[in-house]
Each structure stands twice: as C-alpha cells, then as structure tokens.
Amino acid sequence: TPIVIKVGGNDLDDPAFVGGFAEIIRDLKLRAVIVHGGGKEISALQTAMGIEPRYVDGVRVTDAASLALVEMVLCGLVNKRLVRAFTFAGVDALGMSGVDRGLVRAERMTHPTVDMQFTGMVIQTRGDVLREILDLGVTPIIAPICAGPDSNYNVNADHVAGALAGALGAHKIVFLTNVAGVLSNGQVLPTLTPEQTEALIADGTITRGMIPKVRTALEALKLGIPQAIITDLKGLEIGRGTIFQREVSHE
C-alpha cells in the first residue's frame, strides 16, 4: 500500500532540502503520493503585490485576487520545482493538482463569522486516479488546489493529504517538517496516542507551531489511517520520528 507524504511550504524554497527529499524517495523506492504546501512563498508574493495575508484559526483566507497568486505559486512555481528535482534525482514524477482529472473536489469552507471566499474543504476524492499512476511506477506530486463547480479552491495541504490517504487506504501518512518530531526535554517522543498528545498540549510540552501539526496527525487517525508520523528528512530516511497511533503496541 502507498504512503502519503505531506511536505510543508517552509522548506520548499531550499534547493538542498528539495534535492535531499527527492533522493530519499528514490533510495527508499517508496510508493508514495506527495502533497505539498507553499505558504511561505504565497505570503511573500501576496505582500509584494500589496495584499495583506489573512488567517482565521491558522487557515489562510483566500480572496479572488489571492486565489490567482495561490494557483500560480502552488501549481506553477512550487509544483514544477519539486517535479524537476525528482526527475533529475531519477524519480519518475508527475506534477498535478486536485483539479486534474477531478482528483479532489471541494466547496467553500464554512466559518461562523468569516466569509472564507476561495478557501475550500474537501468533499470528494478519486483514489482510483492515484492508484493508476502509482501502478505505472510514477510518483504523483500534488498541489492542493481543488475543483469546485463554480471555481477552483485553495485547500489546506494537510487536509488534502489526509483525504487522499483515506481514499487510498494508505497505511501511514507522514508530515515532513523541519523538526525531528515532537520533543520533550530535547528528546524525540517515539510514539504518542491521542490521549497522550492532548495531555502534552495541556501541560505546555507541545507549543506554538507544533500544535496544528499534531492536531493534523490526530485528524488523520480519525480518518482511519493507522499511523501518522511527524518527522524531518533525516527521520524519513532512517525511519524515525514521532508516530501517532490509537494505541501503543506492546511488542
């Protein structure tokens, strides 16, 4: 069964990171679906164009002007940069978005007080499309722009990765970041259950930017994916990181 790897936008403008990532996928011969973000570069382009980036509960509010920029950065700049790096590392990679072949359908995200405009939520996926591509020995690299009947939507890459992992029956989903995992006293915690995770958020061990990461990992478990892992490139390479699962195995 395939694994789904979600890679955040923070490291995707670093050629060493992108090249290293491609080489690890090649060397491990992973049957992987890759979903990428691009938030840092989107915000930089918004600012350059005089648009103030806006967030609600950590999710970007995408207005019409921003949607055009988001599509350019995600489907163009970032996606093709990854595909090129993978190709030259010797991985047969195909860049696509949620729009292509109707891979991911979305509708406007609802919020009690804010009009989320062109920020979407996943309503349907086509796992069969990805299985066909994987069966050809090709690695799909997916930008989280998704298709609605009236417009394309910008969907959080974590949500797209989770939905595709569910559709594929993936045995694990990896959230690739610039940290080795969830740290406690400087040590990576090897496994966490949902209960343990909530306790660590409550006692302040898990803070700031790690909170949304672990919440996303827990959401993946709720979708029925057996394992969610937070790790960095080195952890992906050697099989380490923090593994979230419903119950800790007593082997």
Side-chain angles (χ1 to χ4, degrees), residues 2-49 51 53 60 62 65-106 118-120 122 125-126 129-130 132-134 136-148 151-161 163-165 174-178 232-233 236:
I3 69 167
V4 173
I5 301 174
K6 185 266 169 170
V7 56
N10 281 343
D11 304 298
L12 292 178
D13 57 354
D14 174 1
F17 177 90
V18 173
F21 180 31
E23 287 168 7
I24 290 167
I25 298 293
R26 175 196 68 205
D27 293 346
L28 294 179
K29 297 185 170 50
L30 287 177
R31 190 175 152 91
V33 172
I34 291 154
V35 179
H36 65 82
K40 186 161 108 180
E41 291 175 87
I42 292 166
S43 296
L45 187 57
Q46 279 183 313
T47 305
M49 303 298 261
I51 300 169
R60 185 186 304 273
T62 312
S66 297
L67 180 66
L69 298 186
V70 171
E71 287 200 42
M72 287 178 209
V73 172
L74 290 176
C75 300
L77 197 66
V78 176
N79 191 269
K80 297 311 150 202
R81 178 191 302 145
L82 277 165
V83 173
R84 183 180 62 84
F86 273 64
T87 302
F88 280 93
V91 178
D92 194 352
L94 172 70
M96 58 192 300
S97 71
V99 179
D100 297 295
R101 298 192 65 192
L103 178 64
V104 186
R105 291 180 198 261
F118 296 100
T119 302
V122 177
T125 57
R126 287 190 66 194
V129 168
L130 293 182
E132 278 174 26
I133 294 167
L134 290 164
L136 294 170
V138 174
T139 300
I141 300 181
I142 299 161
I145 297 290
C146 304
S151 173
N152 286 344
Y153 285 92
N154 176 25
V155 181
N156 181 290
D158 291 329
H159 300 166
V160 171
L164 291 176
V174 178
F175 296 96
L176 200 59
T177 68
N178 47 10
D232 58 5
L233 278 186
L236 180 66

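Computation of the quantities below employed the complete heavy-atom set of this structure, encompassing side-chain atoms and omitting hydrogens, waters and symmetry-equivalent molecules.
Leu136 contributes atom CG, which lies 8.5 Å from atom CG of Asp92 (distance to the nearest 0.5 angstrom). In this structure, CD1 in Ile51 is found 7.5 Å from CG in Leu45, a value given to the nearest 0.5 Å. Between the CG atom of Leu94 and the CG atom of Leu134 there is a distance of 10.5 Å, given to the nearest 0.5 Å. With values rounded to the nearest 0.5 angstrom, Thr139 atom OG1 is found 12.0 Å from Arg26 atom CZ. The distance from the CD1 atom of Ile141 to the CD1 atom of Ile133 is 11.0 Å, given to the nearest 0.5 Å. Between Ile3 atom CD1 and Leu28 atom CG the span is 8.5 Å, to the nearest 0.5 Å.
Considering only heavy atoms from C-beta on, Phe17 comes within 4.5 Å of Leu176 through its side chain. Residues Ile42 and Leu69 have side chains not in contact (no heavy-atom distance under 4.5 Å, counting atoms from C-beta outward).
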- request: Let me see the working for Arg60 and Ser43 under side chain to side chain contact (heavy atoms under 4.5 Å, CB included), right down to the final yes or no.
  value: CA-CA 10 Å; Arg60 185 186 304 273; Ser43 296; 3.2 Å; yes
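Scanning all heavy atoms of the two residues, the minimum distance from Ala106 to Val155 falls at CB-CG2, 3.9 Å. Among all heavy-atom pairs drawn from Val122 and Ala163, the shortest one is CG1-CB, 3.8 Å. Minimum heavy-atom separation, Met96 to Pro140: SD-CB, 4.4 Å. The minimum heavy-atom distance between Leu233 and Gly20, with the atom names listed, is CD1-C, 4.3 Å. Shortest non-hydrogen contact noted between Ala22 and Ala89 is CB-CB, 3.7 Å. Across every non-hydrogen atom of Val160 and Pro144, the tightest pair is CG2-CB, 3.8 Å.
Of the possible polar contacts, one joining the Lys40 side chain to the Asn10 backbone as a donor-acceptor pair under 3.5 Å is found. Panel note: side chain Thr62, backbone Leu67; no donor-acceptor pair is recorded below 3.5 Å. For Arg81 (side chain) and Leu12 (main-chain N/O), a donor-acceptor pair under 3.5 Å exists by modelled atom type. A donor-acceptor pair under 3.5 Å links the side-chain atoms of Arg126 to the main chain of Arg101, judged by distance alone. Side chain of Thr125 to main chain of Val104: no donor-acceptor pair is present (N/O by atom type, distance under 3.5 Å, no hydrogens or angles).
With Ile5 as the fixed residue, the side chain to side chain contact (heavy atoms under 4.5 Å, CB included) test singles out one of Leu30, Val35, Ile24: Leu30.
Ring-plane geometry between Phe21 and Phe86 is classed as perpendicular, the angle between the planes exceeding 60 degrees on a 0 to 90 degree scale with a lower cut at 30.
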